[in-house]
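Numbers restart at 1 for each chain; the letters A, B, ... are given by sequence-line order, proteins then strands.
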There are 2 protein chains.
Amino acid sequence: MIAIGEASRQSGVGIETIRYYERVGLVPRPERAANNRRLYSAADVGRLRFLKKCRDLGFALADAKTLLDLSEQCSDDCRSVKELADIHIADVRRKISELTELEAALNELTANCASGNVACPMLGRLRSK
Amino acid sequence: MIAIGEASRQSGVGIETIRYYERVGLVPRPERAANNRRLYSAADVGRLRFLKKCRDLGFALADAKTLLDLSEQCSDDCRSVKELADIHIADVRRKISELTELEAALNELTANCASGNVACPMLGRLRSK
DNA sequence: ATAAATTCTGTAGTCACTACAGGATCAAGC
DNA sequence: GCTTGATCCTGTAGTGACTACAGAATTTAT
(Lines give C-alpha, C1' and ligand atoms only; values in the text may rest on other atoms or scores of the structure.)
Protein backbone atom coordinates (compact mmCIF):
# COMPACT_ATOMS: atom_id res chain seq x y z
CA MET A 1 0.00 0.00 0.00
CA ILE A 2 1.40 3.33 -1.06
CA ALA A 3 0.65 6.99 -0.41
CA ILE A 4 -0.90 9.32 -2.93
CA GLY A 5 2.40 10.86 -4.00
CA GLU A 6 3.83 7.47 -4.89
CA ALA A 7 0.60 6.48 -6.65
CA SER A 8 0.88 9.69 -8.64
CA ARG A 9 4.47 8.91 -9.59
CA GLN A 10 3.64 5.33 -10.56
CA SER A 11 0.56 6.22 -12.60
CA GLY A 12 1.56 9.53 -14.10
CA VAL A 13 -1.66 11.09 -12.81
CA GLY A 14 -1.19 14.24 -10.73
CA ILE A 15 -2.00 14.21 -7.03
CA GLU A 16 -4.73 16.82 -7.31
CA THR A 17 -6.13 14.98 -10.30
CA ILE A 18 -6.28 11.71 -8.37
CA ARG A 19 -8.24 13.39 -5.62
CA TYR A 20 -10.45 14.96 -8.29
CA TYR A 21 -11.10 11.54 -9.86
CA GLU A 22 -12.09 10.26 -6.44
CA ARG A 23 -14.35 13.24 -5.81
CA VAL A 24 -16.28 12.73 -9.03
CA GLY A 25 -16.55 8.99 -8.50
CA LEU A 26 -14.26 7.94 -11.34
CA VAL A 27 -12.20 5.75 -9.06
CA PRO A 28 -13.33 4.12 -5.81
CA ARG A 29 -12.44 5.77 -2.52
CA PRO A 30 -9.16 4.23 -1.41
CA GLU A 31 -8.38 2.83 2.00
CA ARG A 32 -7.18 5.21 4.66
CA ALA A 33 -4.29 4.82 7.06
CA ALA A 34 -4.76 5.50 10.77
CA ASN A 35 -3.59 9.07 10.11
CA ASN A 36 -6.34 9.56 7.50
CA ARG A 37 -3.96 9.48 4.55
CA ARG A 38 -5.05 7.64 1.42
CA LEU A 39 -3.54 4.24 0.76
CA TYR A 40 -3.41 2.85 -2.76
CA SER A 41 -3.17 -0.75 -3.89
CA ALA A 42 -1.62 -2.04 -7.10
CA ALA A 43 -5.13 -2.35 -8.54
CA ASP A 44 -5.79 1.31 -7.73
CA VAL A 45 -2.63 2.34 -9.51
CA GLY A 46 -3.63 0.14 -12.44
CA ARG A 47 -6.93 1.96 -12.70
CA LEU A 48 -5.19 5.32 -12.67
CA ARG A 49 -2.77 4.19 -15.37
CA PHE A 50 -5.68 2.95 -17.47
CA LEU A 51 -7.42 6.30 -17.15
CA LYS A 52 -4.21 8.12 -17.97
CA LYS A 53 -3.84 6.16 -21.21
CA CYS A 54 -7.44 6.82 -22.18
CA ARG A 55 -6.98 10.54 -21.58
CA ASP A 56 -3.75 10.50 -23.59
CA LEU A 57 -5.74 8.96 -26.41
CA GLY A 58 -8.13 11.87 -26.15
CA PHE A 59 -11.11 10.04 -24.70
CA ALA A 60 -13.40 12.16 -22.57
CA LEU A 61 -13.45 11.22 -18.90
CA ALA A 62 -16.96 9.82 -19.25
CA ASP A 63 -15.78 7.52 -22.06
CA ALA A 64 -12.68 6.62 -20.10
CA LYS A 65 -14.96 5.63 -17.23
CA THR A 66 -17.04 3.46 -19.55
CA LEU A 67 -13.91 1.76 -20.88
CA LEU A 68 -12.64 1.26 -17.35
CA ASP A 69 -15.93 -0.29 -16.31
CA LEU A 70 -15.88 -2.56 -19.35
CA SER A 71 -12.36 -3.51 -18.44
CA GLU A 72 -13.35 -4.40 -14.89
CA GLN A 73 -16.18 -6.64 -16.01
CA CYS A 74 -14.53 -9.93 -16.69
CA SER A 75 -16.02 -10.42 -20.14
CA ASP A 76 -14.23 -7.89 -22.31
CA ASP A 77 -17.04 -6.53 -24.39
CA CYS A 78 -15.18 -5.98 -27.61
CA ARG A 79 -18.16 -4.64 -29.47
CA SER A 80 -18.88 -1.84 -27.01
CA VAL A 81 -15.23 -0.93 -26.90
CA LYS A 82 -14.90 -0.77 -30.65
CA GLU A 83 -18.09 1.26 -30.98
CA LEU A 84 -16.81 3.82 -28.55
CA ALA A 85 -13.39 3.89 -30.14
CA ASP A 86 -14.81 4.22 -33.65
CA ILE A 87 -16.92 7.19 -32.66
CA HIS A 88 -13.85 8.70 -31.13
CA ILE A 89 -11.75 8.02 -34.23
CA ALA A 90 -14.39 9.70 -36.39
CA ASP A 91 -14.28 12.62 -33.98
CA VAL A 92 -10.52 12.85 -34.24
CA ARG A 93 -10.69 12.73 -38.05
CA ARG A 94 -13.24 15.52 -38.09
CA LYS A 95 -11.06 17.62 -35.86
CA ILE A 96 -8.04 17.01 -38.07
CA SER A 97 -9.85 18.13 -41.19
CA GLU A 98 -11.26 21.18 -39.45
CA LEU A 99 -7.81 22.16 -38.28
CA THR A 100 -6.33 21.56 -41.71
CA GLU A 101 -8.86 23.91 -43.24
CA LEU A 102 -8.11 26.38 -40.50
CA GLU A 103 -4.42 26.25 -41.19
CA ALA A 104 -5.04 26.95 -44.87
CA ALA A 105 -7.28 29.89 -44.02
CA LEU A 106 -4.72 31.31 -41.61
CA ASN A 107 -1.91 30.89 -44.12
CA GLU A 108 -3.96 32.65 -46.73
CA LEU A 109 -4.78 35.47 -44.34
CA THR A 110 -1.19 36.08 -43.35
CA ALA A 111 0.31 35.47 -46.79
CA ASN A 112 0.50 39.15 -47.60
CA CYS A 113 1.50 40.34 -44.15
CA ALA A 114 4.86 42.01 -44.55
CA SER A 115 6.61 44.39 -42.20
CA GLY A 116 6.44 47.26 -44.66
CA ASN A 117 2.66 47.21 -44.95
CA VAL A 118 0.67 50.29 -44.17
CA ALA A 119 -2.57 48.35 -43.71
CA CYS A 120 -2.60 44.77 -42.53
CA PRO A 121 -4.42 42.62 -45.08
CA MET A 122 -5.41 40.09 -42.44
CA LEU A 123 -7.18 42.67 -40.31
CA GLY A 124 -8.79 44.00 -43.47
CA ARG A 125 -10.19 40.60 -44.25
CA LEU A 126 -11.40 40.05 -40.71
CA ARG A 127 -13.13 43.40 -40.73
CA SER A 128 -14.81 43.09 -44.10
CA LYS A 129 -18.27 41.81 -44.54
CA MET B 1 -29.79 51.18 -33.62
CA ILE B 2 -30.94 47.61 -33.19
CA ALA B 3 -31.86 45.33 -30.31
CA ILE B 4 -29.70 42.47 -29.11
CA GLY B 5 -31.66 39.81 -30.98
CA GLU B 6 -31.13 41.57 -34.28
CA ALA B 7 -27.45 42.17 -33.45
CA SER B 8 -27.16 38.46 -32.76
CA ARG B 9 -28.76 37.61 -36.10
CA GLN B 10 -26.56 40.06 -38.01
CA SER B 11 -23.32 39.00 -36.34
CA GLY B 12 -23.87 35.30 -35.84
CA VAL B 13 -22.97 35.66 -32.16
CA GLY B 14 -25.54 34.26 -29.73
CA ILE B 15 -27.49 36.61 -27.49
CA GLU B 16 -26.14 35.12 -24.28
CA THR B 17 -22.66 35.21 -25.75
CA ILE B 18 -22.98 38.89 -26.60
CA ARG B 19 -23.95 39.65 -23.02
CA TYR B 20 -21.06 37.48 -21.87
CA TYR B 21 -18.63 39.41 -24.09
CA GLU B 22 -19.92 42.61 -22.57
CA ARG B 23 -19.61 41.25 -19.04
CA VAL B 24 -15.97 40.31 -19.50
CA GLY B 25 -15.14 43.59 -21.19
CA LEU B 26 -14.49 42.18 -24.66
CA VAL B 27 -16.85 44.67 -26.25
CA PRO B 28 -17.83 48.09 -24.89
CA ARG B 29 -21.10 48.44 -23.03
CA PRO B 30 -23.69 49.42 -25.63
CA GLU B 31 -26.17 52.26 -25.37
CA ARG B 32 -29.44 51.61 -23.59
CA ALA B 33 -32.93 52.55 -24.66
CA ALA B 34 -35.31 54.23 -22.23
CA ASN B 35 -36.64 50.79 -21.33
CA ASN B 36 -33.11 49.62 -20.39
CA ARG B 37 -32.71 47.42 -23.44
CA ARG B 38 -29.36 47.32 -25.20
CA LEU B 39 -29.03 49.22 -28.46
CA TYR B 40 -26.36 48.26 -30.96
CA SER B 41 -24.81 50.37 -33.70
CA ALA B 42 -23.34 49.14 -36.98
CA ALA B 43 -19.88 49.46 -35.43
CA ASP B 44 -20.96 47.25 -32.52
CA VAL B 45 -22.18 44.61 -34.93
CA GLY B 46 -18.92 44.91 -36.86
CA ARG B 47 -16.98 44.20 -33.68
CA LEU B 48 -19.11 41.15 -32.95
CA ARG B 49 -18.62 39.86 -36.48
CA PHE B 50 -14.88 40.39 -36.17
CA LEU B 51 -14.80 38.40 -32.94
CA LYS B 52 -16.91 35.68 -34.50
CA LYS B 53 -14.45 35.27 -37.36
CA CYS B 54 -11.51 35.15 -34.98
CA ARG B 55 -13.22 32.46 -32.91
CA ASP B 56 -14.06 30.52 -36.06
CA LEU B 57 -10.36 30.64 -36.89
CA GLY B 58 -9.68 29.12 -33.49
CA PHE B 59 -8.15 32.16 -31.82
CA ALA B 60 -8.61 32.27 -28.06
CA LEU B 61 -10.81 35.11 -26.87
CA ALA B 62 -7.80 36.92 -25.41
CA ASP B 63 -6.09 36.82 -28.80
CA ALA B 64 -9.28 37.84 -30.53
CA LYS B 65 -9.41 40.82 -28.21
CA THR B 66 -5.83 41.75 -29.09
CA LEU B 67 -6.61 41.51 -32.80
CA LEU B 68 -9.74 43.57 -32.32
CA ASP B 69 -7.77 46.23 -30.46
CA LEU B 70 -5.14 46.26 -33.19
CA SER B 71 -7.90 46.60 -35.71
CA GLU B 72 -9.40 49.59 -33.90
CA GLN B 73 -6.09 51.42 -33.79
CA CYS B 74 -5.89 53.17 -37.10
CA SER B 75 -2.39 52.02 -37.93
CA ASP B 76 -2.82 48.35 -38.69
CA ASP B 77 0.14 46.83 -36.95
CA CYS B 78 0.93 44.10 -39.40
CA ARG B 79 3.87 42.78 -37.46
CA SER B 80 1.93 42.17 -34.26
CA VAL B 81 -0.88 40.56 -36.19
CA LYS B 82 1.42 38.23 -38.06
CA GLU B 83 3.27 37.30 -34.88
CA LEU B 84 0.03 36.34 -33.18
CA ALA B 85 -1.22 34.49 -36.23
CA ASP B 86 2.04 32.62 -36.69
CA ILE B 87 2.01 31.41 -33.12
CA HIS B 88 -1.54 30.28 -33.66
CA ILE B 89 -0.66 28.53 -36.92
CA ALA B 90 2.16 26.68 -35.17
CA ASP B 91 -0.34 25.72 -32.49
CA VAL B 92 -2.78 24.42 -35.05
CA ARG B 93 -0.01 22.43 -36.77
CA ARG B 94 1.01 20.88 -33.47
CA LYS B 95 -2.56 19.91 -32.75
CA ILE B 96 -2.93 18.36 -36.20
CA SER B 97 0.14 16.21 -35.78
CA GLU B 98 -0.90 15.16 -32.28
CA LEU B 99 -4.31 14.15 -33.56
CA THR B 100 -2.80 12.30 -36.50
CA GLU B 101 -0.64 10.29 -34.13
CA LEU B 102 -3.69 9.68 -31.98
CA GLU B 103 -5.67 8.42 -34.92
CA ALA B 104 -2.92 5.96 -35.80
CA ALA B 105 -2.75 4.75 -32.21
CA LEU B 106 -6.52 4.29 -32.05
CA ASN B 107 -6.59 2.45 -35.36
CA GLU B 108 -3.87 0.16 -34.15
CA LEU B 109 -5.68 -0.48 -30.90
CA THR B 110 -8.97 -1.35 -32.55
CA ALA B 111 -7.49 -3.22 -35.51
CA ASN B 112 -8.02 -6.60 -33.91
CA CYS B 113 -11.36 -5.88 -32.32
CA ALA B 114 -13.82 -8.30 -33.83
CA SER B 115 -17.25 -9.28 -32.60
CA GLY B 116 -16.24 -12.88 -31.95
CA ASN B 117 -13.42 -12.00 -29.57
CA VAL B 118 -13.42 -13.43 -26.09
CA ALA B 119 -11.01 -10.81 -24.80
CA CYS B 120 -10.84 -7.31 -26.27
CA PRO B 121 -7.29 -6.60 -27.42
CA MET B 122 -7.77 -2.88 -26.96
CA LEU B 123 -8.69 -3.22 -23.31
CA GLY B 124 -5.80 -5.58 -22.91
CA ARG B 125 -3.40 -3.02 -24.25
CA LEU B 126 -4.85 -0.25 -22.11
CA ARG B 127 -4.54 -2.42 -19.02
CA SER B 128 -1.02 -3.67 -19.61
CA LYS B 129 1.98 -1.98 -18.17
C1' DA C 1 14.98 19.91 17.67
C1' DT C 2 14.20 21.86 13.60
C1' DA C 3 13.35 22.12 8.76
C1' DA C 4 11.42 20.38 4.66
C1' DA C 5 8.29 17.41 2.49
C1' DT C 6 3.99 15.36 2.24
C1' DT C 7 -0.72 15.01 3.04
C1' DC C 8 -5.35 16.64 4.38
C1' DT C 9 -9.95 19.44 3.49
C1' DG C 10 -12.29 22.84 1.20
C1' DT C 11 -12.86 26.47 -1.93
C1' DA C 12 -12.22 29.08 -6.01
C1' DG C 13 -10.24 29.89 -10.53
C1' DT C 14 -9.64 28.57 -15.54
C1' DC C 15 -12.01 28.92 -20.64
C1' DA C 16 -15.84 30.06 -23.36
C1' DC C 17 -19.76 29.74 -23.08
C1' DT C 18 -24.75 27.83 -21.95
C1' DA C 19 -28.86 27.31 -19.31
C1' DC C 20 -31.88 28.50 -16.42
C1' DA C 21 -35.18 31.33 -12.98
C1' DG C 22 -38.07 34.88 -12.41
C1' DG C 23 -39.49 39.05 -13.91
C1' DA C 24 -40.43 43.16 -17.17
C1' DT C 25 -41.75 44.86 -21.47
C1' DC C 26 -43.24 44.91 -26.30
C1' DA C 27 -45.87 43.92 -30.72
C1' DA C 28 -49.78 41.90 -32.89
C1' DG C 29 -54.32 40.25 -33.22
C1' DC C 30 -59.17 40.30 -31.53
C1' DG D 1 -58.60 47.01 -23.69
C1' DC D 2 -56.94 42.34 -23.35
C1' DT D 3 -54.50 38.35 -24.21
C1' DT D 4 -50.82 35.80 -26.23
C1' DG D 5 -46.31 35.16 -27.51
C1' DA D 6 -41.86 37.00 -28.42
C1' DT D 7 -38.20 39.46 -26.73
C1' DC D 8 -35.56 41.39 -23.28
C1' DC D 9 -33.55 42.10 -18.42
C1' DT D 10 -30.47 40.53 -14.18
C1' DG D 11 -28.26 37.19 -11.69
C1' DT D 12 -26.67 32.73 -10.72
C1' DA D 13 -25.02 28.20 -11.58
C1' DG D 14 -23.50 24.48 -14.58
C1' DT D 15 -20.18 22.41 -18.10
C1' DG D 16 -15.20 19.59 -18.53
C1' DA D 17 -11.12 18.48 -16.68
C1' DC D 18 -8.54 19.93 -14.13
C1' DT D 19 -5.33 23.45 -11.33
C1' DA D 20 -4.20 26.43 -7.60
C1' DC D 21 -4.37 27.94 -3.58
C1' DA D 22 -5.11 28.51 1.95
C1' DG D 23 -4.35 26.80 6.19
C1' DA D 24 -3.64 22.94 9.03
C1' DA D 25 -1.63 18.48 10.44
C1' DT D 26 1.73 15.18 10.17
C1' DT D 27 5.88 12.71 8.63
C1' DT D 28 10.66 12.32 7.33
C1' DA D 29 15.33 13.79 7.11
C1' DT D 30 19.15 16.25 9.04
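Summarising the geometry of A:L99 relative to B:V92, their closest heavy-atom pair is O-CG1, 3.5 Å, with the distance given to 0.1 Å. Residues B:C54 and A:L126 approach most closely at SG-CD1, 4.0 Å, considering heavy atoms. Shortest non-hydrogen contact noted between B:T66 and B:L84 is CG2-CD1, 3.7 Å.
Within residues 29-38 of chain A, the residues that place at least one heavy atom under 4.0 Å from DNA chain C are, in residue-number order, A:R32, A:N36, A:R37, A:R38. Proximity of residues 5-19 of chain A to DNA chain C (heavy atom under 4.0 angstrom from any strand atom) is restricted to A:G5, A:I15, A:R19.
Regarding A:L51, its CG atom lies at a distance of 16 Å from the P atom of D:dG16, rounded to whole Å. Whole-Å rounding puts the A:L61 CG to D:dT15 C1' distance at 13 Å.
Not counting sequence neighbours, the partners of B:A43 by the side chain to side chain contact (heavy atoms under 4.5 Å, CB included) test are B:S41, B:R47. Under the side chain to side chain donor-acceptor pair (under 3.5 Å) criterion, A:Q10 pairs with A:E6, sequence neighbours left out.
Ionic pairing of B:E83 and B:R79 is not present here: no N-O contact between side-chain nitrogen and carboxylate oxygen is shorter than 4.0 angstrom. Under the 4.0 Å criterion applied to side-chain N and carboxylate O atoms, B:K53 and B:D56 are not assigned as salt-bridge partners.
With values rounded to the nearest 0.5 angstrom, B:L109 atom CG is found 10.5 Å from A:H88 atom NE2.
Taking the 5' to 3' direction, DNA chain C first and last meets chain A under 4.0 angstrom from a heavy atom at C:dT6 to C:dT9.
Residue order along DNA chain D, read from the 5' end via each residue's closest nucleotide, puts B:R23 first among B:R23 and A:F59.
With side-chain heavy atoms closer than 4.5 Å counting as contact, directly or through intermediates, the hydrophobic cluster containing A:L39 also holds A:M1.
Of the residues A:E22, A:R23, A:E16, the one that meets the side-chain contact (heavy atoms from CB on, under 4.5 Å) test with A:Y20 is A:R23.
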